[in-house]
Amino acid sequence: MAAAGAVLTHVSSGWTSQGNFTSLCPNGTKWVWDGLGECAQDGRDMASIYLGLLSIVCFMVASFPQYYNSWKTGNMDQALSIWFLLLWLGGDSCNLIGSFLANQLPLQTYTAVYYVLADLLMLGMFTYYKVKNKRAAALTLVNAVALSFILGFSGSSSHFSRDSSQQEVVFSGFRSRSLLSTSTSSIQPFTTREIIGFTIGSVSSVLYLCSRLPQISTNFRRKSTEGVSYFLFALVILGNMLYGLSVLLKNPDMNQAENSYLVHHLPWLVGSLGTLSLDLIISIQFVIYRRNSTRVDLEETTPLMSG
């Protein structure tokens with residue numbers, strides 16, 4: 001593990017520190033250190049790294065099935081809750097802002113930018129089908145979506161306006177969709193900027209949790225999940241499972257106990273596992289409403305066959 005209090009600075013040649021790779025991570029994997037700024041010294045650490053990377057892949061491709069399903073059915077505005085999309089965008093925007101404030105690794109920040117842009121694309125599709133299907137769309141809805149676009153692009157551009165010559169990164173554990181963190185060392189005190197990043201990360205987790213409730217309510221009122229891609233939630237479920245496992249498998253830093261590590265990562269574990277439980281409820285809705293839809297179809301076709 002990196003020595004407590006080690007300061008990592010991003011320079012043109014890669015990640016450097018007050019020491020070097022051999023002294024700070026004697027038994028570590030070089031490509032993980034160079035590419036992710038992470039010290040992986042044993043199989044447990046490497047498993048955490050691979051699971052974290054796989055969770056990022058799941059989150060990155062999760063939106064594509066919904067894009068296709070929306071294009072195919074054309075009822076995205078009825079199938080998805082606008083508050084589900086807005087709160088999800090809010091969570092990803094907080095992730096992006098927090099990763100900037102908490103000085104996260106570039107890979108993590110770029111991934112956060114991608115998430116915001118993917119959310120904006122889905123909101124754009126929602127607005128398109130809302131206007132297409134209902135010409136007299138409510139002005140308040142359009143204003144809310146427009147405001148979300150402005151906030152999303154503002155958060156995305158804030159990263160690129162950063163002065164790279166002054167960029168400092170705090171050594172921390174690997175993150176997936178919940179990318180925000182501060183140093184897990186109990187020796188090095190948190191800076192004000194890191195505390196703000198941690199706080200915004202906690203807000204992000206709450207927004208992720210709240211985003212599922214409007215969609216669950218929408219499915220319940222419609223008694224249908226038509227127009228909603230199950231693969232969207234299936235990939236998010238898989239991503240959250242992988243992320244949670246990656247956090248639990250990660251070895252604590254030097255001079256840090258297991259329980260201290262878990263308490264420090266509690267907001268992200270609650271956000272990840274809490275969202276996972278709500279997504280499982282949505283999965284149950286898919287099963288129930290699909291069964292009801294099949295039963296209705298059979299009842300409608302039976303009289304025709306008997307006649």
>> Using side chain to side chain contact (heavy atoms under 4.5 Å, CB included), reason through Leu80 and Thr218 one step at a time and then give a plain yes or no.
In response: CA-CA 7 Å; Leu80 293 180; Thr218 298; over 6 Å; no

>> I need the minimum non-hydrogen distance between Cys94 and Leu207, along with the two atoms involved.
In response: SG-CD1, 3.9 Å

> Would a hydrophobic clustering, with Ile, Leu, Val, Met, Phe, Trp and Tyr connected at side-chain separations under 4.5 Å, put Phe231 with Ile284?
Replying inline: no

>> Among residues at least two apart in sequence or on other chains, which ones pass side-chain contact (heavy atoms from CB on, under 4.5 Å) with Met241?
In response: Ile237, Leu276

> Can you get from Leu280 to Ile282 by hopping between Ile, Leu, Val, Met, Phe, Trp and Tyr side chains that sit under 4.5 Å apart?
Replying inline: no

>> Tell me whether Ser283 contacts the main-chain N or O of Asp279 through its side chain, where contact means a donor paired with an acceptor under 3.5 Å.
In response: yes

> Do side-chain atoms of Asp45 reach the backbone of Gln41 as a donor and acceptor pair under 3.5 angstrom?
Replying inline: yes

>> Side chains of Leu89 and Leu123, heavy atoms from C-beta outward: is any pair under 4.5 Å?
In response: yes

> Do Ser211 side-chain atoms and Trp88 backbone N/O form a donor-acceptor pair below 3.5 Å?
Replying inline: no

>> Nearest 0.5 angstrom please: Ile82 CD1 to Thr127 OG1, how far?
In response: 6.0 Å

>> Quick one: does any side-chain atom of Thr29 pair with a main-chain N or O of Trp31 as donor and acceptor, under 3.5 Å?
In response: no

>> Please report the interatomic distance CG(Leu51) to OG(Ser55), rounded to the nearest 0.5 Å.
In response: 8.0 Å

>> To the nearest 0.5 Å, what is the distance between SG on Cys210 and CG on Leu278?
In response: 9.0 Å

> Given side chains that start at C-beta, do those of Leu85 and Asp119 come closer than 4.5 Å, heavy atoms only?
Replying inline: no

>> With side chain to side chain contact (heavy atoms under 4.5 Å, CB included) as the criterion, how do Ile56 and Tyr115 come out once you've worked through the C-alpha distance, each side chain's angles and the decisive distance to 0.1 Å?
In response: CA-CA 10 Å; Ile56 286 182; Tyr115 293 148; 3.9 Å; yes

>> Restricting to non-hydrogen atoms, name the atom on Met122 and the atom on Met76 that form the minimum distance, rounded to 0.1 Å.
In response: CG-CE, 3.1 Å

> Would Asn95 and Val116 count as a side chain to side chain contact (heavy atoms under 4.5 Å, CB included) if you check the C-alpha gap in whole Å, the side-chain angles of each, and the deciding distance to 0.1 Å?
Replying inline: CA-CA 9 Å; Asn95 251 339; Val116 171; over 6 Å; no

> Roughly how far, to the nearest 0.5 Å, is the CG atom of Asn240 from the OG1 atom of Thr275?
Replying inline: 5.5 Å

> From Arg212 CZ over to Asn219 CG, what is the distance, rounded to the nearest 0.5 angstrom?
Replying inline: 12.0 Å

> Do Val57 and Val32 sit in the same hydrophobic cluster, where Ile, Leu, Val, Met, Phe, Trp and Tyr count as joined when their side-chain heavy atoms come under 4.5 Å apart?
Replying inline: no

>> Restricting to non-hydrogen atoms, name the atom on Pro214 and the atom on Leu87 that form the minimum distance, rounded to 0.1 Å.
In response: CG-CD1, 4.2 Å

> Judged by atom type as modelled, is there a donor-acceptor pair below 3.5 Å linking the side chain of Gln285 to the main-chain atoms of Ile216?
Replying inline: yes

> For the residue pair Gln66 and Ser229, what are the closest heavy atoms and their distance?
Replying inline: OE1-N, 2.8 Å

> Are Lys132 and Tyr128 in a cation-pi setup, meaning NZ or CZ lies under 6.0 angstrom from the ring centre and within 45 degrees of the ring axis?
Replying inline: no

>> Taking the six-membered ring for Trp, are Phe126 and Tyr67 closer than 6.0 Å centroid to centroid?
In response: no

> For the side chain of Gln215 and the backbone of Phe84, is there at least one donor-acceptor N/O pair under 3.5 Å apart?
Replying inline: no

> Considering all heavy atoms of both residues, which atom of Leu235 and which atom of Ala62 are nearest to each other, and what is their separation?
Replying inline: CD1-CA, 3.6 Å

> According to the interplanar angle, ranging from 0 to 90°, do the rings of Trp71 and Tyr68 count as parallel (below 30°), tilted (30 to 60°) or perpendicular (above 60°)?
Replying inline: tilted

>> Quick one: does any side-chain atom of Tyr230 pair with a main-chain N or O of Phe286 as donor and acceptor, under 3.5 Å?
In response: no

> Would you say Ser217's side chain and Leu213's backbone share a donor-acceptor pair under 3.5 angstrom?
Replying inline: no

> Does Ala118 offer a backbone N or O that forms a donor-acceptor pair with the side chain of Ser63 under 3.5 Å?
Replying inline: no

> For the residue pair Phe59 and Val236, what are the closest heavy atoms and their distance?
Replying inline: CE2-O, 3.8 Å

> Under a 4.5 Å side-chain heavy-atom rule over Ile, Leu, Val, Met, Phe, Trp and Tyr, are Phe233 and Trp83 clustered together?
Replying inline: yes

> Would you say the side-chain atoms of Lys223 pair up with the backbone N or O of Phe220, donor to acceptor, closer than 3.5 Å?
Replying inline: yes

> Atom CG in Leu249, atom CG in Asp42: separation rounded to 0.5 Å?
Replying inline: 10.0 Å

>> Side-chain heavy atoms nearer than 4.5 Å, only ILVMFWY residues, links allowed to pass through others: does that put Leu273 and Val203 together?
In response: no

